[in-house]
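So the structure is just underneath, and the comments pick up after that.
In what follows, every chain begins at residue 1, and chains take the letters A, B, ... in the order their sequences are listed. Just the heavy atoms: all of them, side chains too, but no hydrogens, waters or symmetry mates, feed the values below. This is a predicted model, so every value here is computed, not measured.
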Protein chains: 2
Amino acid sequence: MYQRKIPIDYDCGLSVAMEVVGSKWKFCILDEISKGIKRPKDLVNAINGITKRVLQKQLRELELHGLLEKTIYTEIPLRVEYNLTVSGKSLLPLVSAIDQWGMGFSSRLKTILETEATMNYL
Amino acid sequence: MYQRKIPIDYDCGLSVAMEVVGSKWKFCILDEISKGIKRPKDLVNAINGITKRVLQKQLRELELHGLLEKTIYTEIPLRVEYNLTVSGKSLLPLVSAIDQWGMGFSSRLKTILETEATMNYL
DNA sequence: ATGGATGGTGATAAAATTATCACTAAGTGA
DNA sequence: TCACTTAGTGATAATTTTATCACCATCCAT
């Protein structure tokens with residue numbers, strides 16, 4: 001993690017939410033965990049494009065922010081699970097709502113971006 | 001804007017949504033516009049901490065992504081308004097849900113971050 | 001003792017986002 | 001002409017986020 005220079009605005013719900021969950025992978029991670037994929041190794045396989053190292057950091061942040069809790073099982077081979085806390089679970093309706101909105105907007109975005117690319121708008 | 005190197009996964013709703021709305025200010029901007037604050041100048045005043053230049057870029061992206069539409073009134077002094085499109089409006093329930101979640105989580109996050117800061121966890 | 005499986009870290013590079021500053025343009029009224 | 005308002009842009013710096021690579025530790029089986 002890094003040393004944030006610009007402080008969070010705790011009075012703005014959107015600012016708080018963005019801090020905790022506003023990153024490339026966190027929603028995906030919470031989503032997969034809610035589906036029962038809880039081990040780092042399995043999460044790496046389940047989430048398209050993420051690497052072990054990045055996943056590790058995201059899990060750590062989610063844990064520090066109180067959305068996940070980590071359990072270590074002294075089994076062979078070593079097993080670690082990340083489970084949703086109460087706060088984490090309270091986010092699930094949002095995660096699925098955002099996912100659904102994104103799915104609905106997907107084809108439209110694709111069209112828009114392709115059109116703009118050919119028109120050199122960006 | 002910049003040239004994205006890692007492509008969007010159009011099959012993942014969360015990925016699509018993050019692309020369009022996953023940034024520091026966009027939810028705030030949509031929120032303010034939904035409350036009736038539509039002119040760049042007024043948005044700068046309404047949104048704590050944003051600068052004119054940054055707002056301008058965010059508005060442009062939201063417009064390109066089809067969430068806002070821009071109207072230029074030939075008045076004196078010059079008046080420009082950004083209004084929500086149908087897609088933009090379809091996001092409002094999410095914006096307010098996220099805002100509410102963030103408000104509910106705010107004090108908890110503050111406690112967590114302050115505790116961890118003193119414990120050098122970060 | 002060696003190697004595989006799992007979970008994890010440190011250092012650093014690359015990419016992406018946001019901030020800053022100085023500027024342009026149109027219109028209007030003093 | 002000059003100042004003022006509003007909207008907007010270009011160049012660049014600073015910050016933040018993600019990615020890459022090489023590495024460590026444990027436990028176990030061969």
Determine: side-chain N/O of B:K41 to OP1/OP2 of D:dT6, distance under 4.0 Å, yes or no. yes
Looking at every strand, decide which applies to A:K70 at a 4.0 Å heavy-atom threshold: base, sugar-phosphate, or nothing. sugar-phosphate
Whole angstrom is fine here: how far is it from CG in B:L59 over to C1' in D:dG8? 11 Å
Could you give the CD1-to-P distance, from B:I47 to C:dT18, as a whole number of Å? 13 Å
How many whole angstroms separate atom CD1 of A:I50 from atom P of D:dT20? 12 Å
Any sub-3.5 Å donor-acceptor pair from A:T111's side-chain atoms to A:S107's backbone N or O? yes
With a cut-off of less than 4.0 Å, is there a side-chain N or O of A:Y82 near OP1 or OP2 of C:dG8? yes
Quick one: B:K57 NZ to D:dA7 P, roughly how many Å, whole number? 19 Å
What is the nucleic acid contact for A:V80, judged by heavy atoms within less than 4.0 Å: base, sugar-phosphate only, or nothing? sugar-phosphate
Check: A:S87 side chain, A:L67 main-chain N or O, donor-acceptor pair, under 3.5 Å: no
Is it the case that the base of D:dG8 and the side chain of B:K52 share a donor-acceptor contact (distance under 3.5 Å, atom types as modelled)? yes
Can you measure B:L64 atom CG to D:dG8 atom C1' for me and round it to whole angstrom units? 14 Å
Against the six-membered ring of A:Y82, is A:K70 placed for a cation-pi contact (under 6.0 Å from the centre, within 45° of the normal)? no
Under 3.5 Å, is there any donor-acceptor pair linking the side chain of A:R53 to the base of C:dG7? no
Closest of D:dA19, D:dA7, C:dA19 to the B:V54 side chain is C:dA19
Looking across every strand, which nucleic acid part, if any, lies under 4.0 Å from A:T51 by heavy atom: base, sugar-phosphate, or nothing? base
Kindly point out which of C:dT18, C:dG7, D:dA7 is positioned nearest to the side chain of B:Q58? C:dT18
Length of the CG-P vector between A:L78 and D:dA25, whole Å: 15 Å
Short side-chain N/O contact from A:K24 to OP1 or OP2 of C:dA16, under 4.0 Å: no
Expressed in angstrom and rounded to an integer, what is the separation of B:E61 atom CD from C:dT18 atom P? 8 Å
Within the 4.5 Å heavy-atom criterion, are B:L30 and B:V21 side-chain neighbours or not? yes
Taking the side chain of B:W25 as heavy atoms from C-beta outward, which of C:dA19, C:dG7, D:dA19 is closest to it? C:dA19
Looking only at the side chain of A:P40 (C-beta and beyond, no hydrogens), which of the listed nucleotides D:dT9, C:dT18, C:dG8 gets closest? C:dG8
Mind calculating the distance between CD (B:E75) and P (C:dA26) to the nearest angstrom? 19 Å
Test item: A:D99 side-chain N/O and B:L14 main-chain N/O as donor-acceptor pair under 3.5 Å: yes
